[in-house]
Amino acid sequence: MAFKFKGVDFIGFDALLSSDELMARDTARQFIEDNLIPIIEECNREGRFPRELIKPMGALGFFGANLEGYGCAGMSNVEYGLVTQEFERGDSGLRSFVSVQSALVMYPIYTFGSDEQKDYWLPQLATGEKLGCFGLTEPDFGSNPGGMRTRAVKSGDEYILNGEKMWITSGTLADVAVIWAKVEDEDGLVRGFLVETDRPGFTAYDVHGKWSLRASVTSGLSLQDVRIPAKNLLPLTGGLKSPLMCLNQARYGISWGAIGAAMSCYDTALQYSLLRKQFREQPIASHQLVQEKLTWMISEITKAQLLALQVGRLKDSGKVGHEHISMAKRNNVWMALECARMARDILGGNGITDDYPIMRHMMNLESVKTYEGTHDIHTLIIGQSVTGVPAY
């Protein structure tokens, strides 16, 4: 049986939010309740991405929501974070789709693109008429993107791209791919390119057999002598700093999204524990070990909310550092995965069925803990920040 989500706010967190922030969150919450919750378990079971939600999400301004102009909603970063929280409360896969469209496709075009590129792509990406993907990770290079083998060669007024990308969200859905490659004519400098996916030599294929993010499209990309006009170069890119700036945008959304997954697990476990009776016909919520788990969960969720909010406030004021985002992503995803495991314990055998969202969140969070910088990589980023000494 599924429980109606009751919200999670132990210390009056909502009082810290403005009316606009609450409205953004509540709009996303209602959208998820009405449109995703009724179908997500079926989508997860079938390994199907709910494409029918793309246009409605675009109509509500969820794509590129924290960008200004070009048909974007112009939300603050805190408002955008609260939206991603609600999307991941529904499912990590749908939040991943929104994150890629927003932070990894629209953001680099908005930040590094020419006026022509922005005018053409951003309005269509904002409505969901066009979809995008982000090609940085390669089969042999994940945590070390600087080792990429994808190459771009200048040939007259064109570039010729060759390479392979892997673990690409929305790869087979995309109309345009933001591809990162080393330019041979520029001593291997990493540059970004907009590659229309219908160009000869570009191939996208889906990754099957996933136990995680089953309601999301995960793809590999192959580029074999793909020719694009020189105007498809993102002119303001140069070096790894550019794609890493994009990843910071996505990591920020993840730090909020993970809270949503944790909320879903906690709320389900709490409601279940009050109904499930065991030993002398008492609800299992009366047992000390169950209360200990629920106490840990609500304490960690509350701390994660405050961490995400402060990082969001810093981001809105232009004072956020990449190490702040790393802390929020690292802590909040770890916390959410632990909440999922504790919630599964509380539900016992019922916790492994898709009558409840627990196991789906747990499997999804295993991927979220790894992508956009693994838990260990973010540990090293924070360690370098506090010591001044790199350990990698």
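Below, all heavy atoms of this structure are taken into account, side chains as well, without hydrogens, waters or symmetry copies.
By the 6.0 Å contact criterion, CG on Leu236 is enclosed, its count of non-hydrogen atoms from other residues, nucleotides or ligands being greater than 12. Residue-environment remark: NZ (Lys210) exceeds the threshold of 12 foreign heavy atoms within 6.0 Å. Counted within 6.0 Å of CH2 on Trp167, heavy atoms from surrounding residues, nucleotides or ligands total 12 or fewer; the atom is thus considered open. More than 12 heavy atoms of other residues, nucleotides or ligands sit less than 6.0 Å from atom CD of Glu46. Other residues, nucleotides and ligands place more than 12 heavy atoms under 6.0 Å from the CE atom of Met342.
Met106 and Phe193 fall into different hydrophobic clusters, where Ile, Leu, Val, Met, Phe, Trp and Tyr are joined by side-chain heavy atoms under 4.5 Å apart, directly or via other members. The hydrophobic clustering, which links ILVMFWY residues whose side-chain heavy atoms are closer than 4.5 Å, places Ile382 and Leu380 apart. Taken together through direct or relayed side-chain contacts under 4.5 Å among Ile, Leu, Val, Met, Phe, Trp and Tyr, Ile284 and Leu274 form part of one hydrophobic cluster.
Between Glu158 and Lys231 there is no salt bridge, since no side-chain N of the basic residue sits under 4.0 Å from a carboxylate O of the acidic one. Note on Glu338 versus Arg341: salt bridge recorded, some NZ/NE/NH1/NH2 to OD/OE distance being below 4.0 Å. Ion pairing between a basic and an acidic side chain is recognised when a charged N comes within 4.0 Å of a carboxylate O; Arg45 and Asp354 show such pairing. The pair Glu186-Arg191 meets the salt-bridge criterion, since a charged nitrogen lies less than 4.0 angstrom from a carboxylate oxygen.
Side-chain contact between Gln117 and Leu234: present, with at least one pair of heavy atoms (C-beta onward) separated by less than 4.5 Å. Here the side chains of Arg95 and Glu86 are not in contact, with every heavy-atom distance at 4.5 Å or above. Looking only at side-chain heavy atoms (C-beta outward), Asn232 and Tyr159 stay at 4.5 Å or farther from each other. Residues Glu164 and Leu221 form no side-chain contact, since every pair of their non-hydrogen atoms from C-beta on lies 4.5 Å or further apart. The shortest distance between side-chain heavy atoms of Asn162 and Leu223 does not fall below 4.5 Å.
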Verdict with reasoning, Leu131 to Val100, per side-chain contact (heavy atoms from CB on, under 4.5 Å): CA-CA 9 Å; Leu131 303 177; Val100 167; over 6 Å; no
Kindly indicate, with the supporting measurements, whether the criterion side-chain contact (heavy atoms from CB on, under 4.5 Å) is fulfilled by Trp180 and Thr150. CA-CA 8 Å; Trp180 300 93; Thr150 300; over 6 Å; no
Using the rule given for side-chain hydrogen bond (donor to acceptor under 3.5 Å, both in side chains), can you reason through Asn364 versus Glu88, listing the C-alpha separation, both sets of side-chain angles and the distance that settles it, and then say yes or no? CA-CA 10 Å; Asn364 287 342; Glu88 192 142 0; over 6 Å; no
Show your working on side-chain hydrogen bond (donor to acceptor under 3.5 Å, both in side chains) between Thr197 and Asp175 and close with a plain yes or no. CA-CA 5 Å; Thr197 59; Asp175 300 289; 5.3 Å; no
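Judged by a 6.0 Å distance limit and a 45° cone about the ring axis, Arg149 is not positioned over the six-membered ring of Phe141. Cation-pi check for Lys118 over Tyr70 is not met; the charged atom does not lie both under 6.0 angstrom from the ring centroid and within 45 degrees of its normal.
Taking CG from Leu104 and OG1 from Thr169, the interatomic distance works out to 8.5 Å, rounded to the nearest 0.5 Å. From Ile32, atom CD1 reaches atom CG of Leu94 across 5.5 Å, with rounding to the nearest 0.5 Å.
Test Phe87, Phe62, Phe63 against Phe97 for ring pair (Phe, Tyr, Trp, His ring centres under 6.0 Å) and you get one pass: Phe63. Of the candidates Val78, Asp14, Asp20, Asp14 is the only one forming a side chain to side chain contact (heavy atoms under 4.5 Å, CB included) with Arg25.
Aromatic ring pairs are classed by plane angle as parallel below 30°, tilted from 30° to 60° and perpendicular above 60°; the pair His287 and Phe279 is tilted.
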